[in-house]
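Written out below as structure tokens is the structure these notes cover.
All values below come from the heavy atoms of this structure, side chains included, with hydrogens, waters and symmetry mates left out.
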Number of protein chains: 4
Amino acid sequence: MPVSTDELIGPTAGSAGHPNPLANLEPHLDALRATGAQFYQRGWSVGTSSNYSVVLRTDPLELVVTASGKDKGNLSRDDFVRVAADGRPTAPNQPKSSAETMLHVVVAAERPAGAILHTHSPWATELSQLYFDEGGIEFEGYEMLKGLEGIKTHQRRFRFEIFDNTQDIPHLAEQVRRRLTDAESPLEYGFLIRGHGLYTWGRDVAEARRHVEILEFLLECKARRIQLTGQR
Amino acid sequence: MPVSTDELIGPTAGSAGHPNPLANLEPHLDALRATGAQFYQRGWSVGTSSNYSVVLRTDPLELVVTASGKDKGNLSRDDFVRVAADGRPTAPNQPKSSAETMLHVVVAAERPAGAILHTHSPWATELSQLYFDEGGIEFEGYEMLKGLEGIKTHQRRFRFEIFDNTQDIPHLAEQVRRRLTDAESPLEYGFLIRGHGLYTWGRDVAEARRHVEILEFLLECKARRIQLTGQR
Amino acid sequence: MPVSTDELIGPTAGSAGHPNPLANLEPHLDALRATGAQFYQRGWSVGTSSNYSVVLRTDPLELVVTASGKDKGNLSRDDFVRVAADGRPTAPNQPKSSAETMLHVVVAAERPAGAILHTHSPWATELSQLYFDEGGIEFEGYEMLKGLEGIKTHQRRFRFEIFDNTQDIPHLAEQVRRRLTDAESPLEYGFLIRGHGLYTWGRDVAEARRHVEILEFLLECKARRIQLTGQR
Amino acid sequence: MPVSTDELIGPTAGSAGHPNPLANLEPHLDALRATGAQFYQRGWSVGTSSNYSVVLRTDPLELVVTASGKDKGNLSRDDFVRVAADGRPTAPNQPKSSAETMLHVVVAAERPAGAILHTHSPWATELSQLYFDEGGIEFEGYEMLKGLEGIKTHQRRFRFEIFDNTQDIPHLAEQVRRRLTDAESPLEYGFLIRGHGLYTWGRDVAEARRHVEILEFLLECKARRIQLTGQR
């Protein structure tokens with residue numbers, strides 16, 4: 001859940017006259033740092049892959065997101081950037097934000113998300129390739145589905161959609177926006193990018209992290225089922 | 001093994017006049033918290049899945065069980081509820097207990113259990129689907145079987161029964177009770193719920209945890225055997 | 001390498017007049033405790049399985065071995081027993097030694113071992129079943145073989161022999177002794193017990209632990225090869 | 001990136017009149033020690049396998065490399081050797097360097113590397129066997145490729161070359177040198193040795209470690225794809 005603007009624009013200022021744009025964000029940053037350490041340990045965020053954000057306010061939109069190229073297993077409090085709705089830093093002298101910042105922005109704009117997490121696990125990589133032609137992976141009959149906020153029974157069907165990978169992030173972000181705002185069957189809970197990984201979100205870091213754990217669990221189960229039965 | 005009632009109803013009282021219902025239970029709570037941290041790390045209790053309990057007394061029955069929706073990798077001492085034989089909290093102002101509390105209650109009522117543990121691993125999820133039509137998974141020839149309290153030889157056969165998953169927990173609890181009290185071949189050591197996970201128990205948290213480790217080991221072995229040979 | 005007898009029989013005495021039989025053995029016990037924590041974390045010693053020993057002296061033979069039924073992930077300094085060549089405790093008031101103590105004794109008697117380790121991993125369990133009819137598993141072409149003390153090239157062939165599992169440990173120990181003392185092609189580096197796990201040893205705990213890591217690595221590779229190619 | 005010579009040849013001297021050849025190298029040693037602890041935990045450097053180095057200067061060439069036979073999960077600051085372009089220690093009284101030191105030397109001589117890492121994972125071992133006849137493993141369509149320094153798109157093809165294993169390290173080093181200096185299509189990012197593991201490098205330890213994580217990730221994905229589809 002976005003924190004109040006007041007809490008975020010405090011009196012802290014840097015010695016050179018520039019206020020530190022990350023001042024007072026420590027609880028958010030530390031939550032993302034602990035998340036990174038856990039995901040790195042599980043093999044979901046190795047090789048400086050993945051990126052994580054917290055939504056600071058929605059009008060105008062502002063997020064704090066991991067800077068580009070940082071070791072997710074050992075994030076420092078300096079490894080983050082504040083960005084606006086155009087994905088650009090909202091203060092001078094900040095590191096470069098992650099290349100995929102616009103995917104965070106589009107989710108923050110279209111969902112009541114307080115945190116957005118992208119992971120890059122081996123199974124998300126391979127299953128998004130294997131199921132790409134079908135456009136998504138369907139899950140049903142899993143009790144674990146009930147951990148996705150709002151799902152009340154294992155009999156609910158969840159379709160984990162897959163977008164093609166591209167280096168044209170604005171184009172990809174626009175495709176995601178269209179599916180998030182689709183009038184008939186909008187995309188829910190998260191999405192996969194082919195050969196790349198998953199995105200999900202939650203009202204806060206804890207809920208977003210729970211959603212990552214659940215979606216990775218479901219992918220793991222699907223993969224193991226294929227290994228056991230030879231059938232999808 | 002249930003601890004004595006005297007130890008549990010101490011003089012501790014909250015400042016608002018309500019006694020803290022979890023006072024003096026710290027050794028039980030900490031044993032479950034350490035268990036949760038271990039099981040989370042192994043991937044058996046991710047996404048706030050799983051629930052754990054300790055039996056406080058048997059007449060009348062009272063348990064302390066994990067509250068609903070808590071992160072099992074990082075349980076605090078407040079993340080628990082005292083419940084009675086009807087699954088309801090025995091004191092005011094407690095968090096909501098796990099939806100599956102009645103499964104703990106029925107085991108505590110029908111077995112000399114001091115602790116009951118439910119885990120939700122990928123293999124328990126998938127193998128309980130794969131073997132559902134056969135009603136159970138049979139294990140024999142495993143030395144690890146001897147870690148189940150009372151088994152003296154690897155040649156003993158153990159059948160790990162599977163119940164269908166449902167959101168009607170009282171109905172499921174009744175089915176489990178019938179199998180626990182079956183006159184001819186009562187259910188032993190634990191059970192699986194289809195697409196959901198396993199339940200087991202022991203005289204104390206250590207024994208229940210050992211049983212989880214052994215049952216998860218047996219499931220892991222079964223799955224790997226299928227992967228190696230293509231045969232169940 | 002066995003430590004000197006002098007170092008082991010110190011002046012330490014318990015308050016009740018009985019000397020503490022584990023006095024002065026702390027470096028050995030702590031090395032085994034650290035080994036247990038590592039092996040438990042890797043899933044090779046879960047459910048209180050496995051047992052570990054250090055050879056204290058060879059004439060007459062004396063070992064310190066893990067007591068029966070202890071959690072290998074969290075061994076305390078009290079979870080050990082001193083035993084003689086007959087597998088019995090050499091001092092009063094000690095806990096029961098592991099059921100498989102005689103397997104440690106026979107290795108200590110027939111090899112210049114300072115430490116003996118038994119692990120119980122899923123792959124050791126399944127591969128010892130799968131290859132039982134062939135009596136062993138052969139490895140060749142693995143650089144990792146060079147980590148087995150004395151092997152100088154990956155082209156050396158190593159045969160990991162498999163014994164049938166039994167609850168008659170003296171009988172099994174006698175079979176192992178015969179293979180260790182075989183004049184033509186004696187058993188080397190370690191052995192598997194069907195559906196049960198592996199035994200290996202080294203001049204000290206560090207070398208024995210290295211041998212466990214290497215043998216488990218080789219089993220892991222063999223299993224993955226079967227998964228990739230469908231061929232042994 | 002090689003550190004300046006000045007920084008390395010400080011005034012520190014041992015008590016016996018010999019300067020400690022590792023004096024002032026602590027930041028490099030500690031970076032390699034942390035890397036070893038992480039890789040050991042992931043199962044990429046068990047059984048004392050693997051070796052790691054930092055390039056100290058290039059003219060004349062000098063590296064600090066792990067000593068032979070050390071536990072990579074628990075390296076001490078003494079477990080390293082300074083070596084010259086001939087692979088020999090540059091100071092007296094140092095431990096024996098790793099048998100594969102000449103592979104580090106040849107990479108340091110032919111690439112602007114500040115650190116060189118060799119790991120020995122199960123997948124590197126098995127896939128280098130499986131693909132040996134094809135001379136390499138090709139990767140394309142993986143977003144993770146972009147973590148290899150200089151790659152800008154997942155559509156770039158990367159060929160992970162495989163050399164045959166041998167105990168004649170100078171011969172192998174010469175083969176690697178030829179491929180590194182090939183005029184038309186020089187070897188890039190790293191290489192595999194059959195049944196043995198991988199080598200990679202980076203401008204500093206962090207970049208080399210990132211490359212290890214990415215190459216191990218790609219191998220893991222390839223193996224899982226084969227498990228899912230039965231096709232390479």
Scan D:V46, D:T48, D:T125 and name whichever one has a side-chain contact (heavy atoms from CB on, under 4.5 Å) with C:M144.
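It is D:V46; the other options fail the test.
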For D:P122 and C:C221, work out which heavy atoms get closest and say how close.
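Closest approach of D:P122 to C:C221: CA-SG, 3.9 Å.
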Which region of D:Q41, side chain (C-beta onward) or backbone (N, CA, C, O), has a non-hydrogen atom less than 4.5 Å from a non-hydrogen atom of chain C, or is it both or neither?
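It is both, since atoms from each part get that close.
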Nearest 0.5 Å please: distance from the CH2 atom of D:W123 over to the CG atom of C:L228.
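With rounding to 0.5 Å, CH2 (D:W123) is 4.5 Å from CG (C:L228).
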Enter the distance from D:I193:CD1 to C:H154:NE2 here, rounded to the nearest 0.5 Å.
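Interatomic distance, D:I193 CD1 to C:H154 NE2, rounded to 0.5 Å: 10.5 Å.
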Go through the steps for C:Y142 and D:E126 under the test side-chain contact (heavy atoms from CB on, under 4.5 Å), then give the verdict.
CA-CA 9 Å; C:Y142 286 95; D:E126 283 306 318; 2.6 Å; yes
Which one of C:K222, C:H211, C:K146 has the most heavy-atom pairs closer than 4.5 Å to chain D?
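Answer, by heavy-atom pair count under 4.5 Å with chain D: C:K146.
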Here's one to test your reading of the geometry: is the NZ or CZ of C:R42 within 45 degrees of the ring axis of D:Y40 and under 6.0 Å from its centre?
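The answer is yes; both the distance and angle limits are met.
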Side-chain donor-acceptor contact under 3.5 Å, C:E143 with D:Q167
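Yes, a side-chain donor-acceptor pair sits under 3.5 Å.
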Heavy-atom distance under 4.5 Å to chain D: side chain of C:E216, backbone, both or neither?
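For C:E216, neither part sits under 4.5 Å from chain D.
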